[in-house]
Amino acid sequence: MSEQSIIGKGTWIDKLAHELLEREKTLGRNTDLLRVESGLGASGVPHIGSLGDAVRAYGVKLALENFGYKSELIAYSDDLDGLRKIPEGFPDSLKEHLGKSVSAIPDPFDCHDSYGMHMSSLLLEGLDKLGIKYDFRRAKDTYEKGLLKEQIHTILENSKKIGEKISELTGQEKFQQYLPYFPVCTNCDKIYTTESFEYISDEKKIKYRCKDATIGSQNINGCGHEAEADVTKDLGKLAWKVEFAARWQAFDIRFEAYGKDIMDSVKVNDWVADEILKFPHPHHVKYEMFLDKGGKKISKSLGNVVTSQTWLKYGSPKSILLLLYKRISGARELGFEDIPSLMDEYNELENIFFGKIKIENPAKETKMKGLYEYVNLLNTPKTLTPYVSYRLLIELSRIFKEKRTDLVMKKLIDYGVLKNSEPQIEDLITMAGNYADDFDLQEKVDVQIDDATKKALGELADLLGADDEPDDLQNTIYQIAKKNNVQPKDFFKILYQIILSTNRGPKIGPFILDIGRKKVSQTLASYL
RNA sequence: GGGUCUAUGGCUCAGCCAGGUAGAGCACCGGACUCUUAAUCCGGCUGUCGAGGGUUCAAAUCCCUCUAGACCCGCCA
């Protein structure tokens, strides 16, 4: 490592951008503008993995710019994609639209021009919150404007060759029989029920019939219509196995990441780009899917789909960026429980960046500082941001539910963690508080109270309910326990169980005063 | 049938993709803080880094083989 020079900022992103540049040099292509692309699904609720594709592509864009090249990110929404199944939480009325393009389905929530745009907007909103800049394009416009017509023609003319190649590379044989193009049926509006069987090259028209199709476990009925569609004008789209290639050439895309689920499609598309369209395919990187935490019970009412919207309730935008930029391989199981460590890890990186924490290995130090820069989208803050351990904030938030921000802040100052109240810390408390409320649920402890303890609790309740604030409450509680022949250790434990539902907690005297002694008095009384 | 990933202290995992004395969080144990408890600080925790081989001055990290598990593709976008 010592004899190797460090590329860029030392991260995998720099390495990837470097590879891309080397390849472009070898190909001898014009490098005035290097476009990177991310495809956005528009048929389901976008989760954090879909964000990842765009965020990482944006990282490569940043790295290219850092190397002195011009670059831009194209965010392409495939909204001609058909609706295959109704996502959970969406109305059943969508059923009549199964098989239609998502851009042709009305938005069930009535806030966008279509179902597809509703979904895409959720993702774009996530990107906006992270500060990712992009040039948005959609399939509907792309096909309506005929931007891919040259490529469609070339692909359909070579469909036999392509069909064979698809079979050879992936084992999928349907395109030896049918053409890789789906027209929208002019009679019933569906796209997944059409089968194209002949291309009339001179007229650039395709013959299709609309018939029943099975998508997963769903049956979608075709209408039996048979017609011709003009591929330069009429609505329809290329099959995925060849569509990327067409788009890459039409938009001059030089980089696109992909998830392993579409590995086969990318393989075919690379071949189509290189051999049929004669456009050298973009540089790629493959990443693993994010999976839900297996076996762990995540409440159904909260939903176990990790979206940027829900993540941001508990974690900062930077925690998402850190998750996505720290590495591209690995990272399989993902859940909200990863947020606390990512929050703390970001802070650690910031301390490394500003030299508060020293890393011995210089290469690793460079890499970590580089990671910090990417997480800040290469626009780093000038100074350290005030920070308190997120886990500590969760602990404190669990204890203080009312007037949370004030009381937690007060405790932090008591502990000497902070000198003054800080607005950034208030935001952290809000997020950690949400987390504590929604996830950090403690199992209810069964409270076992014997007679002696009951008597002691009664005395304490009376004392707390009195008008005068007791002196030295901590010691008084201790005395009450002893006087009633209750082990102080057990007495304190029961108090924690009653007040906090845990076996332990903060120093109890001051704590009771913090949350209000009369309130505690009532709570204790309810156990007598 | 094809492919990818994963395997590291009790638990969950980081570190691997640019090789340089094995880490974190949690759990647990011990100590300090006026005999209980939090926080804080200190210390501890017995790791053949899945197995075997190879490359190297040096391997958790790179290469090959194997084992176990997970996931993806072979419907579709």
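Note on naming: letters A, B, ... go to the chains in the order of the sequence lines (proteins, then strands), and numbering restarts at 1 for each one.
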Whole-Å gap separating [atom2] ([N]) and [atom1] ([X]):
X	N	atom1	atom2	answer
Asp344(A)	C13(B)	CG	P	18 Å
Leu392(A)	G25(B)	CG	P	14 Å
Met368(A)	A24(B)	CE	P	13 Å
Lys364(A)	G23(B)	NZ	C1'	11 Å
Leu238(A)	A77(B)	CG	P	11 Å
Gln172(A)	C73(B)	CD	C1'	10 Å
Arg247(A)	A77(B)	CZ	P	13 Å
Met343(A)	A14(B)	CE	P	20 Å

Taking the [atom1] atom of each, how far is [N] from [M], in whole Å?
N	M	atom1	result
C5(B)	C17(B)	P	14 Å
U6(B)	C63(B)	P	11 Å
A58(B)	G44(B)	C1'	30 Å
C45(B)	G31(B)	C1'	15 Å
C66(B)	G74(B)	P	26 Å
A60(B)	G9(B)	P	15 Å
C71(B)	C28(B)	P	32 Å
G19(B)	U55(B)	C1'	12 Å

Counting Watson-Crick and G-U wobble pairs only, both distances under 3.5 Å, name the nucleotide matched with [N], or none.
N	answer
A77(B)	none
A24(B)	U12(B)
G50(B)	C66(B)
U40(B)	A32(B)

- Item | His284(A) ring center within less than 6.0 Å of Tyr258(A) ring center | yes
From [options], pick the nucleotide closest to the side chain of [X]?
X	options	answer
Lys326(A)	A14(B), A18(B), G3(B)	A14(B)
Lys15(A)	C76(B), C17(B), C73(B)	C17(B)
Trp240(A)	A77(B), A18(B), A14(B)	A77(B)
Ala239(A)	G20(B), C76(B), A77(B)	A77(B)
Arg84(A)	A18(B), C76(B), U4(B)	C76(B)
Asp264(A)	A14(B), C73(B), C76(B)	C73(B)

Is [Y] paired with [X] through a side-chain N to carboxylate O contact shorter than 4.0 Å?
X	Y	answer
Glu350(A)	Lys356(A)	no
Glu144(A)	Lys140(A)	yes
Lys267(A)	Asp264(A)	yes
Arg247(A)	Glu243(A)	yes
Lys237(A)	Asp81(A)	no

- So, Asn269(A) side chain and Trp240(A) main chain: donor-acceptor pair closer than 3.5 Å or not?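 Yes: the side chain of Asn269(A) pairs with the backbone of Trp240(A).
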Look at all strands and tell whether [X] reaches a base, only sugar-phosphate, or nothing, counting heavy atoms closer than 4.0 Å.
X	result
Phe491(A)	nothing
Ser101(A)	nothing
Gly10(A)	base
Ile7(A)	base

- Mapping Ser265(A) and Lys286(A) onto RNA chain B by nearest heavy atom, which one lands closer to the 5' end?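 With Ser265(A) and Lys286(A) compared, the 5'-side residue is Lys286(A).
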- Task: Find which nucleotide of RNA chain B each of Lys9(A) and Gly171(A) is nearest to by heavy atoms, and output the residue with the more 5' nucleotide.
- Result: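 It is Lys9(A) whose nearest nucleotide is closer to the 5' end.
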- Would you indicate, yes or no, if C76(B) has its OP1 or OP2 atom less than 4.0 angstrom from a side-chain nitrogen or oxygen of Lys174(A)? yes
- Does Lys237(A) make a side-chain N or O approach to OP1 or OP2 of C76(B) shorter than 4.0 Å?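 Answer no for this pair, as no side-chain N or O of Lys237(A) is under 4.0 Å from OP1 or OP2.
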- Query: Which of residues 115-124 of chain A sit near RNA chain B, with a heavy atom under 4.0 Å from it?
  - Reply: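 Within this stretch, nothing sits under 4.0 Å of the strand.
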Return the [atom1] to [atom2] distance between [X] and [Y], rounded to the nearest 0.5 Å.
X	Y	atom1	atom2	answer
Tyr76(A)	Phe244(A)	OH	CZ	10.0 Å
Tyr314(A)	Leu342(A)	OH	CG	15.5 Å
Lys326(A)	Lys367(A)	NZ	NZ	10.5 Å

- Distance-only donor-acceptor test (3.5 Å): side chain Lys260(A), base C71(B):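 By the distance-only test, yes, there is a pair.
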